[in-house]
Amino acid sequence: MRAMNVFRAVALTLVATLVTASAIYAAEPQPGSDRAHRWESRLQQKLGLTDDQLQAVRQIYANRDVNAQRQHVKALHAAQAELRRLALNGADDATLQAKQAEVQNLLAQSMQMRLETLKQVGPILNPDQREAFARMMERGPRGHHHRGQPQPQRG
């Protein structure tokens, strides 16, 4: 029974990790790329940003340490892969729990990085724009709802 609980915890962690890491990586395009320009155009159109607001948001994203974020995503993916291998190869509970804790720590760091960016973007937007941006983020990087999350009621 204990092994089943560990397996469930590992499986849930892996699913949450994949969704979170994918959303974090995909939602924040690299400055100067075609993808960044498309994201900025979409953001300006969907939120009704002024040119000054768009420039301020662009500056926030440009100031991020992209290399550190890439290294972090690589470390997260490596830890996830190792956790999967350990689980599949029958590693003991203590080893699985230690690797799971590492993955969860990396996920928490990813979330913290994202929150720091959002805390900088929030004051640039008016209340309606903040709400619209939050809805865009709920829908995911390509406008699709994340699986497993409740869908907002449309009225």
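All of these numbers come straight from a predicted model, not from anything done at the bench. Position 1 is the first residue of the sequence, and the numbers go up from there. The figures here come from the full heavy-atom set of this structure, side chains too, leaving out hydrogens, waters and symmetry mates.
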Q: Considering residues at least two apart in sequence or located in another chain, which fulfil the salt bridge (Lys or Arg N to Asp or Glu O under 4.0 Å) criterion with Arg130?
A: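 Expected list: none.
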Q: State, to 0.1 Å, how close Val121 and Tyr61 come at their nearest heavy-atom pair, and which atoms those are.
A: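 Shortest heavy-atom contact: CG2-CE1, 4.0 Å.
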Q: Salt bridge or not between Arg135 and Glu138? Use side-chain N to carboxylate O under 4.0 Å.
A: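 Answer for the salt bridge query: no.
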Q: Side chains of Arg42 and Gln45: is there a donor and an acceptor less than 3.5 Å apart?
A: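 Distance-only check fails for Arg42 and Gln45.
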Q: If every non-hydrogen atom of Ala79 is compared with every non-hydrogen atom of Glu102, which pair is closest and at what distance?
A: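 For Ala79 and Glu102, the tightest heavy-atom pair comes out as CB-OE2, 3.7 Å.
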Q: In Å and rounded to the nearest 0.5 Å, what is the CG to OG distance from Leu49 to Ser41?
A: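 OG of Ser41 is found 10.5 Å from CG of Leu49.
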Q: I need the Leu43 CG to Leu125 CG distance, nearest 0.5 Å.
A: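 With rounding to 0.5 Å, CG (Leu43) is 7.5 Å from CG (Leu125).
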Q: Are any non-hydrogen side-chain atoms of Leu47 and Met136 less than 4.5 angstrom apart?
A: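 Heavy-atom side-chain distance check passes, below 4.5 Å.
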Q: What distance separates Gln104 CD from Leu76 CG, expressed to the nearest 0.5 Å?
A: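 These two atoms lie 11.5 Å from each other.
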Q: Do the side-chain N and O atoms of Asn63 and Gln59 include a donor-acceptor pair separated by under 3.5 angstrom?
A: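 Yes, because at least one side-chain N or O of Asn63 sits under 3.5 Å from a partner of the opposite role on Gln59.
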Q: How close do Leu96 and Ala91 get, heavy atom to heavy atom, and via which atoms?
A: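 Of all heavy-atom pairs spanning Leu96 and Ala91, the closest is CD1-O, 3.6 Å.
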Q: CD/Glu131 to CG/Asn126 distance, rounded to the nearest 0.5 angstrom?
A: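 Result: 11.5 Å between the selected atoms.
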Q: Should Ile60 and Ile124 count as side-chain neighbours, where that means a heavy-atom distance under 4.5 Å?
A: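 In short, these two side chains touch, coming nearer than 4.5 Å.
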Q: Less than 3.5 Å apart, any donor N or O on the side chain of Gln129 or Gln53 sitting next to an acceptor on the other?
A: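 There is such a pair between these side chains.
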Q: Given side chains that start at C-beta, do those of Asp51 and Gln44 come closer than 4.5 Å, heavy atoms only?
A: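 A side-chain contact exists here, since the closest heavy-atom pair is under 4.5 Å.
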Q: Please report the interatomic distance CZ(Arg58) to CH2(Trp39), rounded to the nearest 0.5 Å.
A: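 Taking CZ in Arg58 and CH2 in Trp39, the distance rounds to 10.5 Å.
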Q: What is the distance from atom CD of Gln100 to atom CG of Asp93, rounded to the nearest 0.5 Å?
A: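 If I round to the nearest 0.5 Å, the distance is 10.5 Å.
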Q: Using modelled atom types and a 3.5 Å cut-off, is there a donor and acceptor pairing between side-chain atoms of Asp92 and backbone atoms of Ala94?
A: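 Present.
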Q: In chain order, what residues pass the side chain to side chain contact (heavy atoms under 4.5 Å, CB included) check against Asn105, with sequence neighbours excluded?
A: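 With neighbours one apart ignored, the set is Gln109.
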Q: Any luck finding a side-chain donor-acceptor pair between Glu116 and Gln112 under 3.5 Å?
A: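 On atom types as modelled, these side chains qualify, holding a pair under 3.5 Å.
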Q: With side chains defined as the heavy atoms from C-beta onward, is the minimum distance between Leu107 and Met111 less than 4.5 Å?
A: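 No, too far: nothing below the 4.5 Å cut-off.
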Q: Quick one: side chain to side chain contact (heavy atoms under 4.5 Å, CB included) partners of Gln71, sequence neighbours excluded?
A: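 Once residues adjacent in sequence are excluded, the partners of Gln71 under the side chain to side chain contact (heavy atoms under 4.5 Å, CB included) criterion are Lys74.
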